[in-house]
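Structure first, commentary second.
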Amino acid sequence: MTKQRVYIFRVGDVSSDLLDNAALAIKENLPFDVEVLIYPQKLQPPISTFDWERMQYVASALVFGLVSKLGIKLKPYEKAIFVVNADAYEPPLNFVFGIALPSIGSGAVFLPRLRNETYGLPPDYNALISRLRKEVLHELGHLYGLEHCPNPRCVMAFSNSINEVDAKGEEYCERCRRLLESFIEGFER
Ligand SMILES: [Zn+2]
Ligand SMILES: [Zn+2]
């Protein structure tokens, strides 16, 4: 079976430690063999995708912009995740923790709203890592074909607040795991 591959890109200032944790979460949780590669260079978010009225990036435009700027053509067994140190929204939502665009195999996670400081709380690096792991697995799940899961503990549960992110686990539930396996088997046929 073709080995699945995930590329992780940093956009803006993102520590290597955060990216290493994201990579580890992917390797530990996907129910198939996956190679994770961290792109060494730091990317800048395309300024044309910034909404000056809202002072936020448009999430889908940012991902499309980065993919076209990089000129990457992903194979069906390759996915890309951008870890972005900037805030973004996607209509009709006034912010998003992340976004997945399965048609181009690419997604993004936006860091500012995963940080305690955004909510007037003292910094908590472990909480940031845990939230990043969850959001990366969530968007990757969408890229492999998963929808939102009704199980509030599952990493595929929809979260619209940081409390909801914290309430869910760092893993796919049994049902989502099985679906992931079947998507990959279907992909192989
Ligand atoms: Zn989602
Ligand atoms: Zn689930």
Side-chain angles (χ1 to χ4, degrees), residues 4 6-9 11 14 18-19 21-32 34 36 45 49 54 56-67 74 78-115 118-119 127-187:
Q4 299 292 314
V6 177
Y7 299 98
I8 300 180
F9 296 90
V11 186
V14 182
L18 285 180
L19 299 180
N21 269 283
L24 213 59
I26 295 168
K27 286 192 202 168
E28 287 171 355
N29 286 284
L30 287 180
F32 42 78
V34 55
V36 185
T49 67
R54 300 186 54 102
Q56 288 170 299
Y57 285 91
V58 182
S60 56
L62 182 140
V63 174
F64 275 116
L66 286 169
V67 167
L74 297 175
E78 295 176 317
K79 309 289 178 217
I81 293 282
F82 297 93
V83 179
V84 185
N85 192 23
D87 190 30
Y89 78 104
E90 184 71 16
L93 302 172
N94 55 23
F95 76 89
V96 288
F97 293 120
I99 192 162
L101 302 171
S103 64
I104 55 167
S106 302
V109 174
F110 303 97
L111 289 176
R113 287 178 200 258
L114 300 179
R115 296 183 200 275
T118 302
Y119 308 94
L128 174 64
I129 287 175
S130 171
R131 292 163 183 163
L132 174 66
R133 289 171 65 104
K134 291 173 189 179
E135 290 310 305
V136 165
L137 292 177
H138 183 97
E139 301 310 339
L140 206 50
H142 283 317
L143 294 181
Y144 286 115
L146 290 181
E147 309 217 345
H148 287 142
C149 182
N151 178 346
R153 293 283 304 152
C154 175
V155 82
M156 290 312 294
F158 173 72
S159 19
N160 198 29
S161 73
I162 201 67
N163 292 336
E164 287 170 320
V165 176
D166 287 343
K168 62 187 181 182
E170 288 184 16
E171 284 146 35
Y172 301 103
C173 71
E174 198 47 47
R175 179 180 147 271
C176 287
R177 281 184 72 85
R178 261 187 260 120
L179 281 170
L180 277 172
E181 283 166 350
S182 66
F183 291 139
I184 293 301
E185 282 157 21
F187 163 79

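Quick caveat, the model's predicted, so the values are computed rather than measured. Read the numbers this way: they start at 1 and go in the same order the structure lists the ligands and their atoms.
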Picking from Glu170, Glu171, Glu139, Met156, what satisfies side chain to side chain contact (heavy atoms under 4.5 Å, CB included) with Lys134?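 With Lys134 as partner, Glu170, Glu171, Glu139, Met156 yield a single side chain to side chain contact (heavy atoms under 4.5 Å, CB included), made by Glu170.
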Angular separation of NE2 (His142) and NE2 (His138) seen from the Zn ion (ligand 1), to 10°: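 Rounding to the nearest 10 degrees gives 100°.
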What angle sits at the Zn ion (ligand 2) between SG of Cys154 and SG of Cys176, to 10°?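 Seen from the Zn ion (ligand 2), SG and SG are separated by roughly 110°.
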What class does the angle between the rings of His148 and His142 fall in, given that below 30° is parallel, 30 to 60° is tilted and above 60° is perpendicular?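 It falls in the perpendicular class, over 60°.
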Any idea which N/O/S atom from His148 gets closest to the Zn ion (ligand 1)?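 His148's closest N, O or S atom to the Zn ion (ligand 1) is named NE2.
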Heavy-atom neighbours of Glu147 CD exceed 12 at 6.0 Å: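 Incorrect, the count does not exceed 12.
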Run the salt-bridge test on Arg178 and Glu185 with the 4.0 Å N-O cut-off and return the result as yes or no.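 Judged by the 4.0 Å cut-off on N to carboxylate O distance, Arg178 and Glu185 do not form a salt bridge.
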